[in-house]
Amino acid sequence: MTVSPLAALGIDTPPRAPHFIVTLYGDVVAPRGGALWMGSLITACAAHGLSESLVRTAVSRLVSAGRLEGVRQGRRSYYRLTDTAQAEFRAASRLLFDPPPAPEQWQIALLGAEHDPNPPWVRIGTGAALAPSTAAAIPGAVILSGTPQAGDMKPLAARHWPLAEVAQAYRSVIDRFAALPETPAPSDALALRLRLVDDYRSAALADPRLPRDALPEDWPEPEARALFARLYRHLSPAADRQITALFETQAGPLPATTAETKARFDGLAPL
């Protein structure tokens, strides 16, 4: 009996449908544009154990959340990213495919009780919040920046950010995908790449990207990042050919590559 490449890697449970569909749009549709036919989406998700009813329910929820919008053409339904979602996807894409250098400094915001800072900002007292220097500023707050002159930042960081959970997410990527065969079948490339992106995206988007001096000595992000970059480049030629064969828009098949997909690929070039 033939064992699927996902099962061979221990990926024998379906992903969360809304999360996976967001991954699929981010990896497949966002850099190519267009509105994706629901039939294409159902077929692609079936390879990961997601039923048609789960896919339709997840798409409906994404529409209600303002992430997707539907377009009818005859008896077919197509779904495209909203403008707001496009902006979110491009920001996430930069983090995955061309991340900025790790920050070296911190920001402290002096703020009142009316402020409820968003991650990676965390409150460190009744009137202050802390974040790496790369975090967006808190509107209306007084911002100070610099490098702490004394003290070990590791205990403080471990208390205020979910570093243990993020580290485990990165290690899960390593444990699962380090065993990927060097030459997977071309027909398996897209399914493998989508699950790679789905897992890695969960870890990378949860990562507060703190300065190195605040992270544990065995922080696994560099190893996970290198593995993600190597495998994404390795799988992409065959995966991109599958995309144009599988995914249909109102204008016809999605292109295998675009200037944006090439930029993603080049951004993952080995150092």
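As the structure is a prediction and not an experimental result, all values here were calculated from the model.
In this structure, Ser40 OG and Ile243 CD1 are separated by 11.5 Å, a value rounded to the nearest 0.5 Å. Atom CG of residue Leu190 and atom CG of residue Asp240 lie 8.5 Å apart, to the nearest 0.5 angstrom. Interatomic distance, CG of Leu215 versus CE of Met153, reported as 10.5 Å (0.5 Å rounding).
Tested against Thr23 for a side-chain hydrogen bond (donor to acceptor under 3.5 Å, both in side chains), the candidates Arg201, Arg195, Arg16 yield a single pass: Arg201.
The two residues Trp121 and Ala135 make their nearest non-hydrogen contact at NE1-CB, 3.8 Å. Between Tyr25 and Pro31, the shortest heavy-atom contact is O-CD, 4.4 Å. Across all their heavy atoms, Leu205 and Ala92 have their closest contact at CD2-CB, 4.2 Å. When every heavy atom of Thr257 is checked against every heavy atom of Thr261, the shortest pair comes out as CA-OG1, 3.3 Å. Of all the heavy atoms in Ala128 and Ile108, the pair that sits closest is CB-CG2, 4.4 Å.
Between Arg171 and Asp218, at least one side-chain N (NZ, or NE/NH1/NH2) sits under 4.0 Å from a carboxylate O, which counts as a salt bridge. Salt bridge status for Arg90 with Glu260: present, with a side-chain N to carboxylate O gap under 4.0 Å. Under the 4.0 Å criterion applied to side-chain N and carboxylate O atoms, Asp207 and Arg225 are not assigned as salt-bridge partners. In this structure, Arg32 does not pair ionically with Asp27, as no charged nitrogen and carboxylate oxygen lie closer than 4.0 Å. Look at Glu248 and Arg76 and you find a salt bridge, because one of the NZ, NE, NH1 or NH2 atoms lies within 4.0 Å of a carboxylate O, short of that distance.
A distance below 6.0 Å separates the ring centres of Phe97 and Tyr232.
When only modelled atom types and interatomic distance are considered, Arg209 and Thr134 share no side-chain donor-acceptor pair under 3.5 Å. Side-chain contact of Thr82 with Thr84: a donor-acceptor pair under 3.5 Å is absent, judged by distance alone.
Contact of the Arg123 side chain with the Pro117 side chain is registered, since non-hydrogen atoms from C-beta on lie closer than 4.5 Å. With contacts defined as side-chain heavy-atom distances shorter than 4.5 Å, the pair Ser236/Arg193 qualifies.
The main-chain N or O of Gln168 is found under 3.5 Å from a side-chain atom of Ser172 such that the two form a donor-acceptor pair. Remark: the backbone N or O of Leu36 is not paired with any side-chain donor or acceptor of Thr249 at under 3.5 angstrom. In terms of modelled atom types and a separation under 3.5 Å, the side chain of Arg80 and the main chain of Glu69 share no donor-acceptor contact.
Take Arg72 and apply the side-chain hydrogen bond (donor to acceptor under 3.5 Å, both in side chains) test, not counting sequence neighbours, and it matches Ser77.
Classified by interplanar angle (parallel below 30°, tilted 30° to 60°, perpendicular above 60°), the ring pair Tyr200/Tyr170 is tilted.
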